[in-house]
Amino acid sequence: MPWNFLIFPLVAGYYLLTRSYYFRFKQQRLDTQRLIFESVLISVLITVITYFIRIAVQLITPETIPFFYQFLPIKTPYVGTAIFTLIFAVLFSWTGNLFLNKEQSIKKAIKEVGNEFELILKSSFTEGLLLQFTLDNNKFYIAWVKELPI
């Protein structure tokens with residue numbers, strides 16, 4: 001397989017980390033370098049999963065892969081597996097978001113990697129308490145937290 005087809009698994013890993021509620025809100029609070037590193041790790045995992053799916057399909061119905069292979073414009077081995085990694089990541093994130101609660105995912109991400117300000121906002125949101133902020137120029141604000149920061 002040519003190296004340029006590895007862009008599909010890399011995009012799949014990035015898509016999964018930035019679109020799935022399970023990973024998205026935690027990744028938004030971390031460094032960009034860590035997002036790149038974890039995209040590579042997730043893409044390797046997705047590629048291994050799709051490769052095993054390909055082996056299982058090939059063992060169960062051997063005529064399926066050559067049937068789909070004839071419709072691909074590029075006749076390079078494993079190009080279908082590389083493209084399927086992206087499709088798998090999109091479908092996995094969409095279906096996962098149907099079953100995950102966005103608010104619970106935000107609370108979990110704040111609990112794991114949130115800073116002190118986000119923890120105060122979370123506790124105010126969940127307990128319904130007022131917050132008071134005093135600035136350096138002696139202005140102050142009193143408010144309820146209407147929604148958690150994404």
Student: Which heavy-atom pair separates E147 from F125 by the least distance, and what is that distance?
Tutor: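 Nearest heavy atoms, E147 then F125: CA-CE1, 3.9 Å.
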Student: Side chains of residues 40-57: which donor-acceptor partners sit under 3.5 Å, not counting sequence neighbours?
Tutor:
residue: S43; atom: OG; partner: S39; partner atom: O; Å: 3.2
residue: S43; atom: OG; partner: V40; partner atom: O; Å: 2.7
residue: T47; atom: OG1; partner: S43; partner atom: O; Å: 2.7
residue: T50; atom: OG1; partner: I46; partner atom: O; Å: 3.0
residue: T50; atom: OG1; partner: T47; partner atom: O; Å: 3.0
residue: R54; atom: NH1; partner: T81; partner atom: OG1; Å: 3.3

Student: For the residue pair Y21 and Q104, establish whether any side-chain heavy-atom pair is separated by less than 4.5 Å.
Tutor: no
Student: Measure across S105 and L100 and return the closest heavy-atom pair with its distance rounded to 0.1 Å.
Tutor: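 For S105 and L100, the tightest heavy-atom pair comes out as OG-CB, 4.3 Å.
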Student: Determine whether S20 and N97 make a side-chain contact, defined as any pair of heavy atoms from C-beta on separated by less than 4.5 Å.
Tutor: yes
Student: Using links of under 4.5 Å between side-chain heavy atoms of ILVMFWY residues, direct or through other members, which residues join L130 in one cluster?
Tutor: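 Listed partners: F140, I142, W144.
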Student: With a 4.5 Å limit on heavy-atom distance, are the side chains of F25 and K108 in contact?
Tutor: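 Sidechains of K108 and F25: no contact.
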Student: Can you find a pair of side-chain heavy atoms, one from I110 and one from E118, that are under 4.5 Å apart?
Tutor: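 With C-beta onward as the side chain, the pair touches.
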Student: Is any side-chain N of the basic residue among E112 and R29 closer than 4.0 Å to the acidic one's carboxylate O?
Tutor: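 Between R29 and E112 there is no salt bridge, as every charged N stays at least 4.0 Å from the carboxylate O atoms.
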Student: Who pairs with T64 by side chain to side chain donor-acceptor pair (under 3.5 Å), at least two apart in sequence or on another chain?
Tutor: T61
Student: Flag the pair F117 / F133 as yes when their ring centroid distance falls below 6.0 Å, and as no otherwise.
Tutor: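 Aromatic pair counts; centres sit under 6.0 Å.
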Student: Calculate, to the nearest 0.5 Å, the distance between atoms CD and CD belonging to E38 and Q27 respectively.
Tutor: 4.5 Å
Student: For the residue pair L35 and L30, establish whether any side-chain heavy-atom pair is separated by less than 4.5 Å.
Tutor: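 No; the side chains remain at least 4.5 Å from each other.
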